[in-house]
Amino acid sequence: MASLKTLFLHPPSFEGFDGGAGSRYQARREIRSFWYPTWLAQPAALVPGSRLVDAPPDDLTLDDVVPLASAYELAVLHTSTPSFPSDVKVAEAMKARNPDLRIGFVGAHVAVHPVESLAASPAIDFVARNEFDFTIQEVAEGRPLRDVLGLSFREDGRIRHAPDRPILEDMDALPYVIDVYRRDLTIEHYFIGYLLHPYVSLYTGRGCRSKCTFCLWPQTVGGQRYRTRSVEHVLDEMARARGCFPQVKEFFFDDDTFTDDLPRAEAIARGLGKLGVTWSCNAKANVPRETLRVMRENGLRLLLVGYESGSQTILNNIKKGVRVDGARRFTRDAHDLGIKIHGTFIVGLPGETRQTIEDTIAYACEIDPTTIQVSIAAPYPGTALFRQARENGWLAGNGLLDADGVQKSELSYPHLPDTEIFAAVERFYRRFYFRPRKMTVMAAEMLRDWQTMKRRLREGREFFSFLARRRAG
Ligand code: SF4
């Protein structure tokens with residue numbers, strides 16, 4: 001079937017904004033970082049002749065993307081809560097350039113707020129709710145909007161909603177994203193500080209079995225079950241990826257929790273071992289040593305682990321489903337086996353106090369992941385955390401980001417104001433990285449390899465200027 005000429009766009013917003021269709025928590029990071037726009041690449045792979053433009057990694061501005069409006073019949077823009085006002089401006093500028101362009105928004109923000117999103121601007125013709133791959137494919141095929149499941153749209157001046165689209169169960173029906181990456185992206189533009197460069201990331205499944213109250217995707221677009229592609233489907237795409245991108249040093253599986261299905265994780269690992277690729281993935285801090293061993297022996301280099309807090313009370317409050325002692329044991333096992341860990345922590349979750357912040361910093365130093373990321377708790381609309389914060393009067397009205405796209409604390413508690421939560425992030429980083437032992441390890445790593453030295457020096461400069469900007473902001 002012929003398709004409308006379709007543009008998939010992650011619009012420009014804040015400079016260096018890591019908020020595209022692959023970023024769970026949209027913000028400008030401490031160092032230049034970009035996730036792949038995988039959630040846009042999937043529908044792009046379903047629409048023949050389409051093009052995917054990811055503005056921030058390519059340093060494209062509004063002036064660069066608006067002229068594209070004239071060349072297309074349909075534009076699908078990925079948006080997020082913090083970038084929505086700016087994304088609306090991009091849509092309005094494109095509509096002004098080409099009034100016949102049909103414009104739709106996708107992403108968790110519009111899935112949670114379809115009516116408010118459409119009401120925000122007449123430039124938005126439709127929004128797709130929840131999973132949107134086949135929804136967009138049908139729009140691109142030219143079907144009447146009212147016949148497309150999962151769509152909210154404007155008709156005769158009113159906002160209307162088509163019935164929900166059933167959740168996708170046959171995950172092998174999703175196309176490979178690799179061909180879209182090769183066609184439309186410059187993979188050297190994608191950096192993540194703790195991954196080798198260049199890297200490529202993709203998904204082998206969607207959803208997460210855990211119920212963490214702050215976590216956006218499982219509560220919106222992904223679902224709270226782990227729906228997976230078959231092992232064969234994943235390995236076939238990986239073989240193709242290796243052929244398409246011989247320069248890639250590391251592949252990253254960006255599933256919410258790749259280790260949610262241990263036998264499958266081990267089966268994929270064994271296949272990757274045969275392919276001879278270096279890879280990394282997201283994991284929960286509860287993977288048994290035997291699974292870690294199988295993964296490590298088959299090319300696993302690094303795990304991205306959400307520890308969140310060193311306080312068991314906070315882990316219980318957010319329904320993390322992990323024991324602090326279990327996380328300690330897991331980390332020891334990973335260290336023993338030579339697996340690197342990028343540990344992520346959050347300050348300002350419900351139950352946080354000055355003391356729990358200190359405890360979490362001490363805990364991070366004790367378990368000693370290779371690198372860390374410290375984020376401020378972000379109550380995204382659509383999450384249980386957002387509802388809890390609203391009911392308890394914890395929303396400060398600050399918004400999630402400042403004018404530069406840097407995280408602010410939207411949560412503020414009577415015993416722990418937003419300003420203290422904000423200040424704790426820098427203290428956490430300094431106490432973790434400025435330990436003699438950590439600095440020695442990092443210096444040794446740089447001295448071993450000139451490329452690593454150059455990269456770490458650049459990232460160090462970016463990191464310090466990020467902290468300075470935060471303080472000034
Ligand atoms: S385990 Fe990770 S991905 Fe799953 S709900 Fe919790 S934070 Fe989200």
Side-chain angles (χ1 to χ4, degrees), residues 21-27 35 38-39 80-81 107-108 111-112 130-131 167 171 192 194 201-228 252-262 264-265 280-288 291-292 302-324 326-327 330-331 334 341-352 360 363-364 367 369 372-389 400 407 411:
S23 171
R24 285 173 176 76
Y25 298 98
Q26 305 86 15
W35 287 107
T38 318
W39 283 83
S80 65
T81 296
V112 173
N130 295 331
E131 274 180 317
I167 193 157
M171 296 298 282
I192 295 291
Y194 47 88
S201 70
L202 47 83
Y203 296 87
T204 78
R206 284 182 183 164
C208 179
R209 292 191 306 171
S210 300
K211 308 273 186 299
C212 306
T213 60
F214 64 89
C215 188
L216 178 64
W217 283 7
Q219 297 182 73
T220 54
V221 290
Q224 293 180 312
R225 276 186 300 130
Y226 187 32
R227 293 165 294 132
T228 54
F252 186 82
F253 297 116
D254 203 11
D255 306 34
D256 289 323
T257 308
F258 180 75
T259 51
D260 249 0
D261 181 342
L262 295 174
R264 175 178 175 275
S280 303
C281 64
N282 291 314
K284 210 167 160 180
N286 60 1
V287 184
T291 300
L292 291 175
L302 174 141
L303 294 174
L304 196 167
V305 180
Y307 292 98
E308 328 307 0
S309 175
S311 155
Q312 189 63 54
T313 304
I314 291 178
L315 294 183
N316 295 347
N317 288 348
I318 60 169
K319 299 189 168 49
K320 185 72 196 175
V322 161
R323 306 283 315 164
V324 172
F330 155 86
T331 310
I341 293 181
H342 179 70
T344 60
F345 296 86
I346 301 177
V347 290
L349 289 165
E352 193 80 278
T360 300
Y363 171 71
I367 61 173
I372 61 166
Q373 181 175 315
V374 186
S375 303
I376 294 173
Y380 273 87
T383 63
L385 175 61
F386 180 84
R387 293 189 290 278
Q388 186 186 17
L400 296 170
Q407 257 204 315
L411 292 177

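Just follow the structure's listing: the first ligand is 1, and inside any ligand the first atom is 1.
Short contacts between ligand 1 and K320, defined as distances under 4.0 Å to a heavy atom of the residue, involve ligand atoms 1 (S), 2 (Fe), 6 (Fe), 7 (S). Less than 4.0 angstrom separates some heavy atom of D256 from each of these atoms of ligand 1: 3 (S). Listed by number with element, the atoms of ligand 1 under 4.0 Å from a non-hydrogen atom of C208 are 1 (S), 3 (S), 4 (Fe), 5 (S). Numbered from 1 in the order shown, with element, the atoms of ligand 1 that lie under 4.0 Å from a heavy atom of T257 read 1 (S), 3 (S), 4 (Fe). Under a 4.0 Å criterion applied to the non-hydrogen atoms of C215, ligand 1 contributes the atoms 3 (S), 5 (S), 7 (S), 8 (Fe).
Note on ring orientation: taking the six-membered ring where Trp is involved, the planes of Y363 and F345 are perpendicular (angle over 60°, cut-offs 30° and 60°).
Contacts between R209 and ligand 1 below 4.0 angstrom, taking non-hydrogen atoms only, are absent altogether. When heavy-atom distances to ligand 1 are checked against a 4.0 Å cut-off, S210 comes that close through both its backbone and its side chain. At a 4.0 Å heavy-atom cut-off, ligand 1 does not touch W217 at all.
D261 is linked by a salt bridge (charged side-chain N to carboxylate O under 4.0 Å, His left out) to nothing, counting only residues two or more places apart in sequence or in another chain.
Between the side chain of K319 and the backbone N or O of N317, no donor-acceptor pair lies under 3.5 Å. Remark: side-chain polar atoms of E308 are not paired, donor with acceptor, to backbone N or O of V347 under 3.5 angstrom. When atom types are taken as modelled, the side chain of Q219 and the backbone of T213 share a donor-acceptor pair closer than 3.5 angstrom.
Not a single N/O/S atom of C212, whether from backbone or side chain, sits less than 2.8 Å from atom 4 (Fe) of ligand 1.
The closest approach between a heavy atom of Q219 and any atom of ligand 1 is not below 4.0 Å.
A cation-pi arrangement, defined by a distance under 6.0 Å to the six-membered ring centre and an angle within 45 degrees of its axis, is present between R206 and W39.
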Inset, instruction - Evaluate side chain to side chain contact (heavy atoms under 4.5 Å, CB included) for D260 paired with C208, printing each intermediate quantity in order. - result: CA-CA 7 Å; D260 249 0; C208 179; 3.9 Å; yes
